[in-house]
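Structure record follows, encoded as structure tokens.
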Amino acid sequence: VLFILNAEPIRVLVTGAAGQIAYSLLYSIAKGDVFGKDQPLILLLLDITPMLPVLEGVVMELQDCALPILREVIPTDKEDIAFKDLDAAILVGSMPRREGMERKDLLKANVAIFKSQGQALDKYAKKTVKVLVVGNPANTNCLIAAKSAPSIPKENFSCLTRLDHNRACSQVATRCGISANVVKNMIIWGNHSSTQYPDVHHCKVNVQGKDVTAFDAVKDDAWLKGDFISTVQQRGAAVIKARKLSSAMSAAKAICDHMRDIWTGTAEAEFISMGVCSTGNPYGVPEDLIYSFPVSIKDKTWKIVEGLVISDFSRAKMDATAAELVEERDTAVSFLGV
């Protein structure tokens, strides 16, 4: 107990904090699932002014959980308060796509949000802050935030493709009748959109104590190269169709997985998927994108896994999602000066 009392609290921001993903996420963070059971926290909760009454309710609930490591909860609609001295920022809030909305209008609205938040990170947060962008279009929003925070290393920014990664692992596990935690080294390449490429070519499945390839475990190549890919690509839309709301519980779990791996590292010889800066990557992906790669993490630093053999089948899919990201980036960057 003394150790807990003496540890310095870290400051963690969640934006869009009155929304449904945050509602699933905040309890897990506040009870120590992400940064550790003995790491005291100060939670900063940012949302737009009209949501402040709802946010008050969330604050009351967090207080009523009576959690040992939660030191303080600060709800606000002001960026200078929310972004001050941050150790970690989870940017969930974004402008959602409304019916009949053109993609470029969506991009324009989000560029304004993430430019402003990037500038606030630059001005108020610690230079060591780890920033995870969740709000869609996540890859491009992440790029804009990083570009708007020139004094923070680009490597400190990542976007969430762990939900897609978890979805893909679960699909393979279900197909094999095994638990999802024995499916390792799945890869999501590219954009968090329907062009993403869930790649099982380097995936290992532990069947009766022995590691085998996903192809050997599943024994259905046509499914792995067809329905498996489209199921993962379309999963978000399928959840919305069924639930009439977007996936919040699974997104919150993926956010926890992603941030915990940044904080504590990945297991030896294992990798996970996250959207990171493509500059200098070994897979021929265009520079200056936030693109999902297989990464390993040590000392809070990610490294793209090198030396993976890329088949022609994979190459075509990796290129298609890159092309979409290049187009998204160029559209978004054209709004940056506005």
Side-chain angles (χ1 to χ4, degrees), residues 20-21 24-25 28 33-34 90 92 96-97 132-139 142 158-206 213-215 217-218 220-262 266 270-276 290-295 305 313-314 317-318 320-321 324-325:
Q20 57 147 0
I21 290 177
S24 285
L25 172 67
S28 292
D33 288 353
V34 180
I90 301 169
V92 180
R97 192 168 185 165
L132 166 56
V133 176
V134 179
N136 285 319
N139 298 59
C142 183
S158 56
C159 84
L160 189 74
T161 56
R162 186 60 170 268
L163 177 52
D164 310 300
H165 178 103
N166 288 349
R167 285 165 170 165
C169 289
S170 171
Q171 287 294 318
V172 168
T174 304
R175 194 79 177 188
C176 298
I178 53 177
S179 63
N181 65 327
V182 298
V183 181
K184 303 274 192 261
N185 297 354
M186 182 66 72
I187 303 172
I188 303 293
W189 297 101
N191 199 0
H192 174 64
S193 76
S194 58
T195 66
Q196 63 172 264
Y197 170 43
D199 178 5
V200 292
H201 286 84
H202 308 278
C203 177
K204 294 271 184 280
V205 180
N206 194 290
T213 69
F215 286 95
V218 172
D220 187 343
D221 291 15
W223 179 76
L224 281 172
K225 290 187 165 185
D227 285 352
F228 161 74
I229 293 171
S230 53
T231 299
V232 176
Q233 287 173 335
Q234 303 294 335
R235 189 67 162 188
V239 171
I240 290 173
K241 190 167 182 247
R243 216 171 82 87
K244 309 293 179 268
L245 290 165
S246 65
S247 34
M249 187 193 338
S250 52
K253 159 69 166 59
I255 292 165
C256 291
D257 291 345
H258 179 118
M259 267 324 230
R260 187 180 52 247
D261 283 346
I262 288 180
T266 49
E270 282 181 29
F271 46 82
I272 49 99
S273 307
M274 59 196 232
V276 295
I290 297 286
Y291 186 100
S292 182
F293 289 97
V295 301
V305 175
F313 177 85
S314 294
K317 294 204 169 335
M318 288 162 66
T321 192
E324 181 183 59
L325 278 170

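Looking at I262, V92, L160 one by one, the single match for side chain to side chain contact (heavy atoms under 4.5 Å, CB included) with L132 turns out to be L160.
By the 30° and 60° cut-offs, the orientation of the rings of Y291 relative to W189 is tilted.
The heavy-atom pair separating A138 from V133 by the smallest distance is O-CG1, 3.7 Å. Taking both residues in full, the closest heavy atoms of V232 and A168 are given as CG2-CA, 3.8 Å, listed atom of the first, atom of the second, then distance. Nearest approach of H165 to S273, heavy atoms of both residues: ND1-OG, 2.9 Å. Between V183 and C169, the shortest heavy-atom distance links the atoms CG2-O, 3.9 Å. Closest heavy-atom contact between M274 and S158: CE-CB, 3.9 Å. In plain terms, the two heavy atoms of Q233 and P198 that are nearest each other are CG-CD, 4.4 Å.
T231 is linked by a side-chain hydrogen bond (donor to acceptor under 3.5 Å, both in side chains) to nothing, counting only residues two or more places apart in sequence or in another chain. In this structure, the ring-ring contact (aromatic ring centres under 6.0 Å, His included) partners of F215, at least two apart in sequence or on a different chain, are H201. For F271, there are no ring-ring contact (aromatic ring centres under 6.0 Å, His included) partners, not counting sequence neighbours. Remark: R97 engages no residue in a salt bridge (charged side-chain N to carboxylate O under 4.0 Å, His left out) (not counting sequence neighbours).
Side chain of E324 to main chain of G190: no donor-acceptor pair is present (N/O by atom type, distance under 3.5 Å, no hydrogens or angles). Checked by atom type and distance alone, the side chain of T174 pairs as donor or acceptor with a backbone atom of S170 at under 3.5 Å.
Between F293 and V305, the closest side-chain pair of non-hydrogen atoms is not below 4.5 Å. Counting heavy atoms from C-beta on, the side chains of R162 and I255 never come closer than 4.5 Å. Annotation: side chain of I187 is not in contact with side chain of C203 (no heavy-atom distance under 4.5 Å).
Within the structure, every pair that satisfies the salt bridge (charged side-chain N to carboxylate O under 4.0 Å, His left out) test and touches residues 170-188, not counting sequence neighbours, is listed here: R175-D220. Screening residues 234-258 for salt bridge (charged side-chain N to carboxylate O under 4.0 Å, His left out), with sequence neighbours left out, gives K253-D257, D257-R260.
Rounding to the nearest 0.5 Å gives a distance of 7.5 Å between CG of N139 and OG of S292. The distance from the SG atom of C159 to the NE2 atom of H258 is 8.0 Å, given to the nearest 0.5 Å. With rounding to the nearest 0.5 angstrom, the OG1 atom of T321 is 5.0 Å from the CG atom of N191. Distance NE2/H192 to CD1/I290: 14.5 Å, rounded to 0.5 Å. Distance check: T213 OG1 to H202 NE2 gives 11.5 Å after rounding to the nearest 0.5 Å. For the atom pair CZ (F313) and CE (M318), the distance works out to 12.5 Å, reported to the nearest 0.5 Å.
No side-chain donor-acceptor contact under 3.5 Å links Q196 and T161.
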* To do: Go through the steps for C176 and V218 under the test side chain to side chain contact (heavy atoms under 4.5 Å, CB included), then give the verdict.
  => CA-CA 6 Å; C176 298; V218 172; 3.7 Å; yes

* Asked: Taking it one step at a time, do L163 and S247 satisfy side chain to side chain contact (heavy atoms under 4.5 Å, CB included)?
  -> CA-CA 10 Å; L163 177 52; S247 34; 4.1 Å; yes

